[in-house]
Number of protein chains: 2
Amino acid sequence: MADERGARARTRRAILDAAIRRLADTPNCALSEIADDAGVGRTTLHRYFPERADLIDAVRVESVERMRAATARARLGEGSALEALERLASSYLDEGDLLTYLFFHAEFADEAFWEQLEHEDETLITTITRGQASGELDASFRPDWISNVLFSLLYSALSSVREGTLTRGEASRLIGATLRGGVAARPTASPR
Amino acid sequence: MADERGARARTRRAILDAAIRRLADTPNCALSEIADDAGVGRTTLHRYFPERADLIDAVRVESVERMRAATARARLGEGSALEALERLASSYLDEGDLLTYLFFHAEFADEAFWEQLEHEDETLITTITRGQASGELDASFRPDWISNVLFSLLYSALSSVREGTLTRGEASRLIGATLRGGVAARPTASPR
DNA sequence: CACTAGTGGAGCACGAGTGTTCCACTAAGG
DNA sequence: CCTTAGTGGAACACTCGTGCTCCACTAGTG
């Protein structure tokens, strides 16, 4: 959306936001539910997104953009690899409902979807291999496993934040600590 | 199912297995798809499970039983806590499609579902706290975070196994290694 | 052969959700 | 005031999946 001002822009925004929220919980919810959540009539929703697929596509486009922006915010090329991974996790956690939708619903975030984030994925893998080359990260793991661990910790943290058993800040710290040392006791002083 | 013999038992089994497989991929698939997969007519499916809810309930009952059995197989009380966690991960990975369904579809594995596995959950938490008390596991983490990490690594490994990028054995080893040391490089020799 | 058990397919009614059309309403601007 | 922009609700047709009924078929047994 080049120009975000005006009634139409606000309405479209409201629909998209409501869609992400509702779809994160209930991927096959009715369009009327999304319309209700957005505070618009179903007719209006259809005016902006004539078919369900149009709405889903728009959510996809927005998802790609937001994930790209979140990755950029993490500045993976700066500082140590572990720090970069932590910044990335923190950046992604900020995406909240959107990330929930991506993680919890493989039908939406299918292969074609993740292919659009190939550049971001490569940047992450580059960061990981940089960390392995520098001796910071365990070189016996394939980079994609490390990437998967990061995402799985994000998944875990996100679930707990959604349940209210972790705060956003705790989640961030726990991911970092777990990346650094797994769950085994440290040979040295506690990191927390 | 007290008696697993006979045509009816085999048909019921076929339907349940097909349901788990298909539902893992497509939780809102049509009953006719499950019937096709099972190699039975839809009428037959309805004879065994008159309504969709009946089939879902049966899958739930089976899930609980299988998760209980898998937990029991892991013998969490034996050996070191880390070894116990690894055995549990391995045991759960053996459940394949069922575990996929549980992890990927929160609508099915809801709170009520997990409550039925409360005893198993407690056993796991007991094992974790045992490991923390003995100095094996990091005592600065809450036990439920450690439990969540285990499940999220399982989730990640399961995805990779399903995609064919990891073998079942590799998945098991990677989970173990990651639990022990996260993704940071070891101060000592590589564990692999 | 007749009977029983188990099954499959066809067809129907129903409900929920989707896409579409139409009309009425409100607010803002000239 | 009139016009335009934006919107909501009602109603309808359609599709898909579900639950249900009925009938026919096959296989096995006595």
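Residue numbers begin at 1 in each chain, while the letters A, B, ... track the order of the sequences. This structure is a prediction, so every number in the text was calculated from the model and none was measured.
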Between protein and nucleotides 14-23 of chain C, map the contacts as a letter string: B base, S sugar-phosphate only, - none, heavy atoms under 4.0 Å, written 5' to 3'. ---SBBBB--
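Between the P atom of dG19(D) and the OH atom of Tyr48(B) lies a distance of 18 Å, rounded to the nearest Å. Between the CZ atom of Arg10(B) and the C1' atom of dT7(C) there is a distance of 14 Å, rounded to whole Å. Atom CZ of Arg8(B) and atom P of dG28(D) are 18 Å apart (whole Å). Per the geometry, CG belonging to Leu45(A) stands 11 Å off P belonging to dT7(D), to the nearest Å.
Using cut-offs of 30° and 60° for the angle between ring planes, the Tyr155(B) and Tyr155(A) rings count as parallel.
With sequence neighbours excluded, the residues forming a salt bridge (charged side-chain N to carboxylate O under 4.0 Å, His left out) with Arg73(A) are Glu95(A), listed by chain and number.
Under 3.5 Å, the side chains of Tyr92(B) and Thr71(B) contain a donor-acceptor pair of N or O atoms. A side-chain donor from one of Ser90(A) and Arg168(A) sits under 3.5 Å from a side-chain acceptor of the other.
In terms of modelled atom types and a separation under 3.5 Å, the side chain of Thr127(B) and the main chain of Thr123(B) share a donor-acceptor contact.
Applying the ring-ring contact (aromatic ring centres under 6.0 Å, His included) rule to pairs touching residues 24-80 of chain B yields nothing, sequence neighbours excluded.
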